[in-house]
Protein chains: 2
Amino acid sequence: MKKQAVKLEDVAAVAGVSKTTVSRVLNHRGYLSQGTIDKVHQAMQELHYRPNVIARQLFQQKTNLVGLVFPTVDNPFFAQLEAQLDQELYRQGYRVLMGNSQNNPEREEAYLRQLLNGQVDGLIVGAHNEGIEQYRDTQLPIVSIERWVSKDIPVVAADNYAGGRMATQRLLDDGCQHIIHTNYPHGLPSPNLERRRAYEELMQARHRPAITYEVNFDSTDEEKRAIFNRLFTEHPEVDGVFADNDTNASLIIQVARKRGRHIPHDLKVVGFDGANMTRTLLPELTTIQQPIDEMAKRAVELLQKRIVGEQATGSVQLPVKLIDGGTA
Amino acid sequence: MKKQAVKLEDVAAVAGVSKTTVSRVLNHRGYLSQGTIDKVHQAMQELHYRPNVIARQLFQQKTNLVGLVFPTVDNPFFAQLEAQLDQELYRQGYRVLMGNSQNNPEREEAYLRQLLNGQVDGLIVGAHNEGIEQYRDTQLPIVSIERWVSKDIPVVAADNYAGGRMATQRLLDDGCQHIIHTNYPHGLPSPNLERRRAYEELMQARHRPAITYEVNFDSTDEEKRAIFNRLFTEHPEVDGVFADNDTNASLIIQVARKRGRHIPHDLKVVGFDGANMTRTLLPELTTIQQPIDEMAKRAVELLQKRIVGEQATGSVQLPVKLIDGGTA
DNA sequence: CTGAAAGCGCTAACAT
DNA sequence: ATGTTAGCGCTTTCAG
């Protein structure tokens, strides 16, 4: 425990005024004579004074920090989302405390335990773990993105169902007869399942089998490639794939090409997400684009309302858009 | 300023002991009778007590937070780097405060102003702005990644010079006669320039012109595409490109293909970075891979040393690796 | 084994 | 226009 740092008291001493006055100068509050202001400023300069943020936070019971609890930032969707959240929060005067759970429930709990203890003014969550009770036990303002957490926590999500329909419909319109879908394993409480539901409903309406290959979010690329290879082996007739995210779509295309398939001639592929980075690196991918920036914006708006005490409940569903790449 | 939260004092009251005792139970310090411990625990449960992190931080003059100051997280290199830094810092008991400057000096300064005020225990920086003085003015432990900040701040970087040579050499070995390079505009104090220097030296040794097209980090994809189109118009003879990062490499390939070039037949391209996300989405890109995870690890080690007061100076340079994709 | 009291650095009533 | 004082919630000497 060090304590050499110059503090408000030292400035006061040098300037020959009281701590209150220095505090007032610092916060532009109350009436000050210009002379005093100058003296104080000079003393601050002289001492290289830096107000201690923590002390202020303790007093104000406010940290101007918002926690972001997501699986990882090393992924096109989350990278853009977190960047945008950071951007929007910055505007509102908040800084961001990162809490990437790596899909590890222990880590998610560890973050929560700490964050809920007055460390942040609010939380935006989008991690994929289940059954974490702590979210219920708190008064902290929370908003969720693309994840159902508990019923009093508002969710901001894209219209996943519509997206699922668009993707499937596009493949059907393209004349695909055997369309396969990829998604998470059942059981994760994610609006992602709506993509699957839409696919299944549409296939059923056409009296066609709905086949979903399940892929864990945190499998390695190699494991995913293995699954997709299996897909083509088990279903050589497949002529259309609706992948639940662009990374999987990309891997499927790679695997298919290695197996001699030509895209879109032999096989059509539609992805999901349409994040900046994927659009830059893989513009030829046809995909359902989520309005990621808008989602971030809306989440921050909701959170801000909750923080100032307004009753922001209910969820927000944002429209998606089909981006024509060339793979479908 | 709210103050309903249950605090240590409330727990003490319910348990019928003093604040000191509760604090001791909380921190497993000193001698306590089992009876007291149980009573206190029960009171905590009953009241849903959560120790206030900020108060503890104020007392201890330690936040267990590390600030990350980088341009953005929405980019394959920085996404992986920040994810990995988060990972390593988590291990050491630190949480991460994000400070993405968006290449905006004002924002970088705003972050610094705040972070240097006791908000974090240390800083890892890699933003690209110049001339920010505040880094010098502080006692805070700082480590930099791929950026020269000031002479007492250690830098962790890849061996950019070797990387630049490898890339250029590879293109020469491939038989390229007209190799063009892309890089940042001159003036940014980045080890990135070493890539350019290596390219220029090697070209000069072969008595070939060294031509560098300058591309701003934060230009839009469209602006970048325009520059690369210009590149092909002004230098139709080009048969090899060494891009200073994989995103540019990808854009160059796209532009070239649109102009009817076949890769690698008509044009060979080598990128730089080799981040996970690029490897997943664009495995066919030949690139110089930086050891991103290792860089994160070393940076955290250095920072940790500085935080505990060891004299960690000097810089770390890590080897790079050529990844054979197929574009060169 | 436990408690009283001081203090981390700052702010805001409430004086004057 | 400025100062005095109390206190944000916690930890830790120092006493007992």
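Below, all heavy atoms of this structure are taken into account, side chains as well, without hydrogens, waters or symmetry copies. The sequence lines fix the lettering, A, B, ..., with proteins before strands; numbering per chain opens at 1.
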Atom CZ of R56(B) and atom P of dC8(D): how far apart are they, to the nearest Å?
18 Å
Within the structure, does a side-chain N or O atom of T21(B) lie under 4.0 Å from either OP1 or OP2 of dT2(C)?
no
Base, sugar-phosphate or nothing for S23(B)? Non-hydrogen atoms, less than 4.0 Å.
base
Any side-chain N or O of Y49(B) under 4.0 Å from OP1/OP2 of dG9(D)?
no
If you check every side-chain atom of S18(A), which of dG3(D), dA6(C), dG9(C) has the closest atom?
dG3(D)
N or O in side chain of Q61(B) less than 4.0 angstrom from dG9(C) OP1/OP2
yes
Note: for T36(B) and A55(B) on DNA chain C, the residue whose nearest nucleotide lies more 5' is T36(B)
Show the atom names and distances, to 0.1 Å, of all donor-acceptor pairs under 3.5 Å that link a side chain in residues 67-75 of chain B to residues at least two apart or in another chain.
residue, atom, partner, partner atom, Å
T72(B), OG1, D74(B), N, 3.0
N75(B), OD1, F77(B), N, 2.8
N75(B), OD1, F78(B), N, 3.0

Can you check whether N27(A) has a side-chain N or O nearer than 4.0 Å to OP1 or OP2 of dT11(C)?
yes
Tabulate protein N/O versus nucleotide N/O from nucleotides 13-16 of chain D, keeping only pairs under 3.5 Å, one per line.
none

Answer yes or no: does a side-chain N or O of Y31(A) lie under 4.0 Å from OP1 or OP2 of dT16(C)?
no
Under 4.0 angstrom between S33(B) side-chain N/O and dT2(C) OP1 or OP2
yes
CA sep, side-chain torsions, deciding dist, call: Y94(B), Q304(B), side chain to side chain donor-acceptor pair (under 3.5 Å):
CA-CA 10 Å; Y94(B) 294 103; Q304(B) 172 69 356; 3.2 Å; yes
Closest approach of Q119(A) to T63(A) (non-hydrogen atoms, all atoms of both residues)
O-OG1, 3.2 Å
Length of the line joining L32(A):CG and dT11(C):P, which is rounded to integer Å:
13 Å
